[in-house]
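Input: a single structure, listed below in structure tokens.
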Amino acid sequence: MRHIISILVENEAGALSRISNMFSARGYNIESLTVAPTEDASMSRLTVVTKGSDEVIEKITKQLNKLVEVVKVVDLSEAEHMERELMLIKLRAGPKEREDVKRMADIFRGRVIDVSDNTYTIELTGDGAKLDAFIQALDQSAILETVRTGACGIGRGNRILRA
Amino acid sequence: MDRIKTEELTGAQILIRCLQAEGVEVVFGYPGGAVLWIYDELFKQDKVRHVLVRHEQGAAHAADGYSRSSRKVGVCLVTSGPGLTNAVTGIATAYMDSIPMIIISGQVPTHAIGEDAFQECDTVGITRPCVKHNFLVRDVKDLAMTMKKAFHIATTGRPGPVLIDIPKDVTTHSCEFQYPETVSMRSYNPVKKGHAGQIKKAMQLLQQAERPMVYTGGGIVLSNAAAQLKDLIKRTGFPITHTLMGLGAYPATDDQFLGMLGMHGTYEANMAMQHCDVLLAIGARFDDRVIGNPAHFAQNPRKIIHIDIDPSSISKRVKVDVPIVGNIPDVLDEFLVQLRDKNPQNISAWWKQIGEWRGKDCLKYDRQSKIIKPQFVLEKLYEVTGGDAFITSDVGQHQMWAAQFYKFEQPRRWINSGGLGTMGFGLPAAMGVQMANPGATVACVTGESSIQMCLQELSTCKQYRLPIKIINLNNKYMGMVRQWQQFFHGNRYSESYMDALPDFVKLAEGYGHSGLLIDKPADVEPALRETFKRKSDLVFLDFITDQGENVYPMIPGGKGITEMILSEDL
Ligand SMILES: Cc1ncc(C[n+]2csc(CCOP(=O)(O)OP(=O)(O)O)c2C)c(N)n1
């Protein structure tokens, strides 16, 4: 099962490696990992997407909680939540392809953020499945470069994660 | 006007003041460029004593042995680069057994970090997976608080080693010093009390049990819960077993003690583990050397209650029915309160069954042998020391025989590397034990291979007059390796024979100690008696033992806990 785990961690040098180290040392998998400071500059929030049985996820959260710099851990997938990921994708778009590419971006609510003679760069947010679908819908040979942030997530309604 | 008095001190001075404030009496260490200012300050005071080892691995093991054998915190001090890397084995050893310990390492100056400076290594990176936590202090203003946090983290919750890496310039910079009185960390708040509802559930299970079993590990020793454990066992009448790390928590001579369990545990302890209907596990972690194959262990239905300070130890290898996260003494106090006016159930049928298993006499060995049997040496060691010595050990057959045959009556007397299984641990650990317990009888049970891994510490023992008794069970083999090769590799003794062994007696003498070679069973006891009379000397006893002796019972790797090989099987 895919799980999305949110972690609040002290914004200290090395905290990120402690977390990623724990995953690799214990053989847990990381599909994506994002990290950035929160509104409280002393804390960062990490989002890890991982896969595993319920037992494995329980072990992961316990091991995360054990790390001295980790303030809070929540498995967002336990309840209602939203997930977003940002993708920037550069496509070959000469005079012939431009219209098609633009139309496809519109369908997926992407935005063209950079244009050159023969390329378009499109910004697209959504959950991972949407980004995958967009890539699928494109002419594969037109894709020049993609970069994705990995997922971040937040609980719905009054489900709040803070220190 | 009340102004808090503060002083302007250098980092090196602050460090020493922090150690003093934490009540540190001894530091085990080895100097080098990055820590020269710290050594300079050590030189100028006499509250913190420094013990100069001969190799940094020894410093870490000594600090570790110091912690294990007392309720104090062992401290070691090493220089940057090779000083630190030499200590890593000792740090990992302490980490695997959850030993509270402080490691102070020098580092190249802050401006040189990352430039591959002379004797630079990424200490925080190298040690990260084998410490409870570590710090790099980049600003002298953070030093005192970091020290305070380090001691707090090392000694609370599930204990463990904490490392503080201090760049050389930080030891010369100065700032106002005041040792913080308290520390609070929003990200680190170990629990204490167990959940009342869970405790109640556990009590119900225990009271309904027909075949109860108590299994405890190093957690009882580390949390100083031996008194509560004894109360609990006496009040319930339940059988109890210990892991290798737990020995001494409950008196080994008591009838309710079934001996150690696990790979080389007793037949009765392992059988009772498998066949009990309610298992109370305390401060133990169901590891592979203890329950063998978890799938086999799960074949028999039983309810499991698990008390541990570390939630991540619970349901890690074995699914637990009633988890209780908490500080063991607090939780056991609560158990005892709830037991107050309850009469224990009758479990005589269970004891009868256990008695039958005991009848196997699984530790028997050939007492008529003309060659010295290692088990015999340990039995005599136990008798001669009245069961009252601190026994450190190295790793191998001798370690298992010591665990099986020395009957520990008190916690913190049995000092060995259980988790990492570090050969070379025994002698330096014994130094730490002797420093923490001056005047006490300390013996190091070792093998001719293990002892050579930290042999240089014989020199330290001379310098500080540490009267350790070395019990070398010399079978001229890496015995434990040879045993596996005999059982599982068709008697192909690949590289497990130690040729060109030194003359240990001369070697001991070369270091300024005494040595004695014993090769006849009849000489074992007299030699031990003579040796333990010599209160102020280190004596190296080289016992020439049976080369072919094996440790029984044995659960082969990956097998179930009851699939034991017994001596009678061969
Ligand atoms: C540092 C280290 N290297 C290798 C091993 C693997 N090992 C475990 S027991 C053993 C043999 C120990 O031989 P000895 O000290 O003579 O003790 P004996 O088993 O003969 O009693 C070895 C090599 C280890 N535990 N530690």
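All values below come from the heavy atoms of this structure, side chains included, with hydrogens, waters and symmetry mates left out. Here is how names work: the chains are called A, B, and so on, in the same order as the sequence lines, proteins then strands, and each is numbered from 1.
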ask   = Going through the distances and angles, do A:Lys66 and B:Lys132 end up as a side chain to side chain contact (heavy atoms under 4.5 Å, CB included)?
value = CA-CA 9 Å; A:Lys66 195 163 131 180; B:Lys132 181 170 174 188; over 6 Å; no
task = Evaluate whether atom CZ of A:Arg109 has more than 12 neighbouring non-hydrogen atoms of other residues, nucleotides or ligands under 6.0 angstrom away.
result = no
Chain A contact via B:Leu136 - which portion, at a heavy-atom distance below 4.5 Å = neither
ask   = So which residues of residues 125-150 of chain A are in contact with chain B at a heavy-atom cut-off of under 4.5 Å?
value = none
inquiry  = With a strict 4.5 Å heavy-atom criterion, list every residue of residues 38-64 of chain A that contacts chain B, or say none.
reply    = A:Asp40, A:Ser42, A:Met43, A:Lys59, A:Lys62, A:Gln63
request  = Name, in order of residue number, those residues of residues 12-35 of chain A that have a heavy atom at a distance of less than 4.5 Å from a heavy atom in chain B; otherwise write 'none'.
outcome  = A:Gly14, A:Ser17, A:Arg18, A:Asn21
key: B:Met185 and A:Glu69, any side-chain heavy atoms less than 4.5 Å apart   = no
query = Does atom CZ of A:Arg159 have more than 12 heavy-atom neighbours, drawn from other residues, nucleotides or ligands, at distances under 6.0 Å?
reply = yes
request  = Write out, in numerical order, the residues from residues 186-195 of chain B with a heavy atom short of 4.5 Å from a heavy atom in chain A.
outcome  = B:Arg186, B:Ser187, B:Tyr188
ask   = With only heavy atoms counted, which part of A:Val68 is less than 4.5 Å from chain B, the side chain, the backbone, both or neither?
value = both
Atom CD of B:Gln299 with >12 non-hydrogen neighbours under 6.0 angstrom = yes
key: Crowding at NZ, B:Lys316 (>12 non-hydrogen neighbours, <6.0 Å)   = yes
message = To the nearest 0.5 Å, what is the distance between CG on A:Leu67 and CZ on B:Arg128?
response = 10.5 Å
request  = Tell me, for B:Arg138 versus chain A, whether the close heavy atoms (under 4.5 Å) come from the side chain, the backbone, both or neither.
outcome  = neither
